[in-house]
There are 2 protein chains.
Amino acid sequence: MTSATSARPPGRPRSGVNAVVFAATLSTVQELGYARATVDRIAAAAGVAKTTIYRRWPSKGALIVDCLLDAFGPVPLEGAGRAEIMASAVRWIAAKIGEPGVGDAFAGVFSDAVSDPALRELLSARLQDPYRLALQDALGEPENRVLFFIDVVVGTLLHRMGMTGEPMVDADVEALVEMVLTYLADGAGPA
Amino acid sequence: MTSATSARPPGRPRSGVNAVVFAATLSTVQELGYARATVDRIAAAAGVAKTTIYRRWPSKGALIVDCLLDAFGPVPLEGAGRAEIMASAVRWIAAKIGEPGVGDAFAGVFSDAVSDPALRELLSARLQDPYRLALQDALGEPENRVLFFIDVVVGTLLHRMGMTGEPMVDADVEALVEMVLTYLADGAGPA
DNA sequence: CCTTTTTCGCTACCTTGGGTATCGATACCT
DNA sequence: AGGTATCGATACCCAAGGTAGCGAAAAAGG
């Protein structure tokens, strides 16, 4: 979809190094942690100049968001009923956050967003909203209730990651699934 | 332990300005956000030199942790049964995080801890462990289950704070209480 | 009163890291 | 060929955490 529609713009075309940069970002974050994964180091790991990074992404946060979008891909929403859909979604995001570098990058960019309204907007619009809408559609739940579920699931996984430095183990993920499902079945929820 | 009460050490005694610094920290964080609440600004707001801050706290993170400890105080664990105790604890931490500056400071220091193992250790030992132990005792639950509850409750509250910039509204806090209580009553949990 | 010890405020400084500017070289289109 | 936009490289700006050194002030003890 790069040259998707009309008339490729003039000038030298961009070399297709986005995938290389994404891979370098995750491996650098995994190796050094989020704060030490500087843009200089990521560029070096990707074999690319720092200026090239900043020509494509306006900030480190924007780079990380795009990297996470690439790493996550679409939510798998197969499942017989709402319970199955919800369970598979929770296990999916838990597994993604457990992948090397992904959890650190997610927690790191989320952290930066706390003090950066522009980044918060980006995170909300580009990363959260698409999944939120897909979930609203698949579950037939209203926006505020899906937002609540996202807070619970993602918040729990990131808090564990942030406090221990390691992703949540499977047994705890299953506890989280059960907790959310029980509550989903209850039908009660925020006004 | 450290020659606790008696025998004041020689030299000029410290002026009792800790409370002023804590207040200045919270108000500065509330006004400018966590990242813009630099140590210089906090010192200025407290009417104190930056070097005085660093003479008392080894890092900004340590200052914030002490500030949060001061703001939180002990958990109120009154309540007839385990459900009442848990509910009051959840409402208590939600209310604290909703106080001006506290939620931002908490989310901010948590964010920094993601990339800073030393700060993570400090956060875990000085802030989480005391409350965790008190909860284990009051609820009669094992460590890993209490840790799971803390991940869920604090993670959810901080995720909401981080994504929206504002604390969770009461209706959603009540939903969180209900969700946690249902799961607590179930008796199931992580191995 | 005077010395010792420690804190105080102040200023100057170091380092890291996000982000920008500039420049020659290069790749593609018309 | 000419135009245009990218690439790599270097140099740079700025904010912010943290440190060093200094003279001044506040206590304790002689």
Side-chain angles (χ1 to χ4, degrees), chain A residues 2-3 6-18 20-21 24-25 28-29 32-67 105 108-109 111-119 122, chain B residues 2-3 6-18 20-21 24-25 28-29 32-67 105 108-109 111-119 122:
Chain A
T2 44
S3 66
S6 61
R8 172 156 56 205
R12 174 177 177 173
R14 292 187 161 172
S15 55
V17 292
N18 277 22
V20 178
V21 173
T25 300
T28 305
V29 168
L32 302 174
Y34 182 79
R36 294 197 141 152
T38 66
V39 178
D40 292 87
R41 274 190 250 256
I42 291 171
V48 156
K50 186 172 114 176
T51 44
T52 299
I53 304 270
Y54 278 104
R55 201 171 291 116
R56 296 178 183 218
W57 294 277
S59 67
K60 181 184 179 182
L63 165 63
I64 301 288
V65 168
D66 267 18
C67 183
V109 74
S111 302
D112 284 354
V114 171
S115 306
D116 183 345
L119 180 54
L122 194 72
Chain B
T2 59
S3 74
S6 59
R8 171 156 56 208
R12 173 176 177 174
R14 291 189 162 171
S15 54
V17 87
N18 277 22
V20 178
V21 173
T25 301
T28 306
V29 167
L32 303 173
Y34 182 79
R36 295 198 141 149
T38 66
V39 178
D40 291 87
R41 275 189 250 255
I42 291 171
V48 155
K50 186 170 107 172
T51 43
T52 298
I53 303 270
Y54 278 104
R55 202 171 288 117
R56 297 179 184 214
W57 295 278
S59 67
K60 180 183 179 181
L63 165 63
I64 302 288
V65 168
D66 267 17
C67 184
V109 74
S111 302
D112 283 355
V114 171
S115 306
D116 184 344
L119 181 54
L122 195 70

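Worth saying up front: this structure is predicted, and the values here are computed from it rather than measured. So that the names make sense, note that chain A is the first sequence line, chain B the second, and so on, each numbered from 1. The analysis underlying the following values was restricted to heavy atoms, covering all of them including side chains, and did not include hydrogens, waters or symmetry mates.
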A.B. asks: Ile53(B) CD1 to dA16(D) C1': how many Å, rounded?
C.D. replies: 14 Å
A.B. asks: Of the nucleotides dC7(D), dC8(C), dG18(D), which has the atom closest to the Arg14(B) side chain?
C.D. replies: dC8(C)
A.B. asks: My understanding is that only residues two or more places apart in sequence, or in another chain, count here; which of them pass side chain to side chain contact (heavy atoms under 4.5 Å, CB included) with Ala118(A)?
C.D. replies: Asp116(A)
A.B. asks: Excluding sequence neighbours, so at least two apart, what forms side chain to side chain donor-acceptor pair (under 3.5 Å) with Asp66(A)?
C.D. replies: Trp57(A), Arg126(A)
A.B. asks: Please identify each residue that fulfils side chain to side chain donor-acceptor pair (under 3.5 Å) with Arg56(B), with sequence neighbours left out.
C.D. replies: Asn18(B)
A.B. asks: Given atom CG of Leu63(A) and atom C1' of dG19(C), what is their separation to the nearest angstrom?
C.D. replies: 13 Å
A.B. asks: Starting at atom CG of Asn18(A), determine the distance to atom P of dT6(D), rounded to an integer number of angstrom.
C.D. replies: 13 Å
A.B. asks: Atom CG of Asp116(A) to atom C1' of dA15(D): distance rounded to whole Å?
C.D. replies: 14 Å
A.B. asks: Using nucleotides 27-30 of chain D, report all nitrogen or oxygen pairs with the protein that are shorter than 3.5 Å.
C.D. replies:
from, atom 1, to, atom 2, distance (Å)
dA28(D), OP1, Arg8(B), NH2, 2.5

A.B. asks: Take atom NZ of Lys60(A) and atom C1' of dT20(C), then tell me their distance rounded to the nearest Å.
C.D. replies: 18 Å
A.B. asks: So which of residues 32-44 of chain B are in contact with DNA chain C, with a heavy-atom cut-off of under 4.0 Å?
C.D. replies: none
A.B. asks: Specify the closest pair of heavy atoms between Ser115(B) and Tyr34(A), including all atoms of both residues, with the distance to one decimal.
C.D. replies: OG-CB, 3.4 Å
A.B. asks: Looking at Ala62(A) and Leu119(A), what are the two nearest heavy atoms and their distance?
C.D. replies: N-CD1, 4.5 Å
A.B. asks: Let me know the distance between CH2 of Trp57(B) and P of dG17(D), rounded to the nearest Å.
C.D. replies: 15 Å
A.B. asks: Under 3.5 Å, sequence neighbours excluded: what are the donor-acceptor pairs made by side chains of residues 35-55 of chain A?
C.D. replies:
from, atom 1, to, atom 2, distance (Å)
Thr38(A), OG1, Arg41(A), N, 3.2
Arg41(A), NE, Arg36(A), O, 2.9

A.B. asks: How would nucleotides 8-14 of chain D be written as a contact map, 5' to 3', with B for base contact, S for sugar-phosphate-only contact and - for no contact, using protein heavy atoms under 4.0 Å?
C.D. replies: BBB----
A.B. asks: Tell me every residue that passes side chain to side chain contact (heavy atoms under 4.5 Å, CB included) with Ser111(A), counting only those two or more places apart in sequence or in another chain.
C.D. replies: Ser111(B), Val114(B)
A.B. asks: Find the distance Arg56(B):CZ to dT7(C):P and express it as a whole number of Å.
C.D. replies: 9 Å
A.B. asks: Rounding to a whole Å, what distance do you find between Tyr54(A):OH and dG17(C):C1'?
C.D. replies: 8 Å
